[in-house]
Amino acid sequence: MNTTIFKLEDLTFSYPMGEPVLSDFSLSIDKGQRVCILGANGCGKSTLLKILAGLLVPQNGDFSAFGNKINAAALKKDAARSYHRRVGYIFQDSDVQLFSSNVREELAFGPLQLGLPKDQVLSKVDDMAGQLGIEKLLDKPPYHLSGGEKKKVAIASVLITDPEVLILDEPTNDLDPRSQTWLLKLLRGLGAEGKTLIFATHNLELVPHVADRAVLFGEDHRIHADQPVRQLLSDTAMLQRVNLVDEHFHTHPWDFE
């Protein structure tokens, strides 16, 4: 049985009037994997995540997801809705993602777009708010929330549609230590349930607790390593070569517990 969810072969992507961000890029990700994308700023991590999430379409190469070829035509109207039902994306900046007048409406938006009955949607909203501990936020406008609260609402608004794949760009941005611990436990639980997790982060302390595979970008926008997390994070010299850490970086045995 083929368990490959995403397959990218010889992709090229450039922003208008810019140099290629990805060139002759190839990668595959299997169902249930927990993959961390690492690299210095500007190396192409966020662009890759947005391609996987169906928000950007590469100019050249082959991209398939769930066994189907993905291109601009495959991401229109009903096909796009189906794709985004299966692949959830959490933006780095929660303010980009949140747009409703209150949190309850924010959580209800996705299920309503799927055509679920209103009473079922309201029940799902209450259940999701309870699972993530944000019941007290339901009647508040998102712009009145703290950074950590906004992140929780953004994650809840995606999880409520039960996607098969969850993609997160710098998920610990704007989170205090307590909220980071909450997120860590949430992601570990989702991984244990069999969700495919793909995330980019500069928070290397998060990586070994959530991911089992790490893909390392260099500043030349190419993959320099694709290895088990423990192996990759132990190669300090390689991390320094791609400008991800400085010479004072070191790991501890408890990093991998």
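Values below: all heavy atoms of this structure, side chains included; hydrogens, waters and symmetry mates excluded. Only a predicted model underlies this, so the values are computations on that prediction, with no experimental measurement involved.
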> Leu206 and Pro171: which non-hydrogen atoms are nearest, and at how many Å?
Replying inline: CD2-CG, 4.2 Å

>> I'd like to know if the side chain of Gln92 and the backbone of Asp169 have a donor-acceptor N/O pair within less than 3.5 Å.
In response: no

>> Checking Ile223 against Phe25 for the side-chain contact (heavy atoms from CB on, under 4.5 Å) test, could you report, in this order, the C-alpha distance in whole Å, the side-chain angles of both residues, the deciding distance, and whether it holds?
In response: CA-CA 8 Å; Ile223 293 177; Phe25 183 88; 3.6 Å; yes

> Looking only at heavy atoms, which two atoms of Val158 and Gly88 are closest? And how far apart?
Replying inline: CG1-CA, 3.5 Å

> What's the verdict on side-chain contact (heavy atoms from CB on, under 4.5 Å) for Leu159 and Leu190, showing C-alpha distance, side-chain angles and the deciding distance?
Replying inline: CA-CA 10 Å; Leu159 289 182; Leu190 292 171; 4.0 Å; yes

>> Can a donor-acceptor pair be found, under 3.5 Å and without considering hydrogens, that links the side chain of Gln59 to the backbone of Ser14?
In response: yes

> Once you round to the nearest 0.5 Å, how far does SG of Cys43 lie from CG of Asp220?
Replying inline: 9.0 Å

> How about Ile134 and Glu149: do any of their side-chain heavy atoms sit closer than 4.5 Å?
Replying inline: no

>> side-chain hydrogen bond (donor to acceptor under 3.5 Å, both in side chains), that's the test. Do Asp176 and Ser179 meet it? Break it down for me.
In response: CA-CA 5 Å; Asp176 57 37; Ser179 296; 3.0 Å; yes

> So Tyr83 and Phe66, would you call those rings parallel, tilted or perpendicular, with 30° and 60° as cut-offs?
Replying inline: perpendicular

>> Determine whether Asp235 and Gln227 satisfy the following criterion, side-chain hydrogen bond (donor to acceptor under 3.5 Å, both in side chains), listing intermediate values before the conclusion.
In response: CA-CA 11 Å; Asp235 193 341; Gln227 300 173 346; 5.5 Å; no

> How close do Ile51 and Phe63 get, heavy atom to heavy atom, and via which atoms?
Replying inline: O-CE2, 3.3 Å

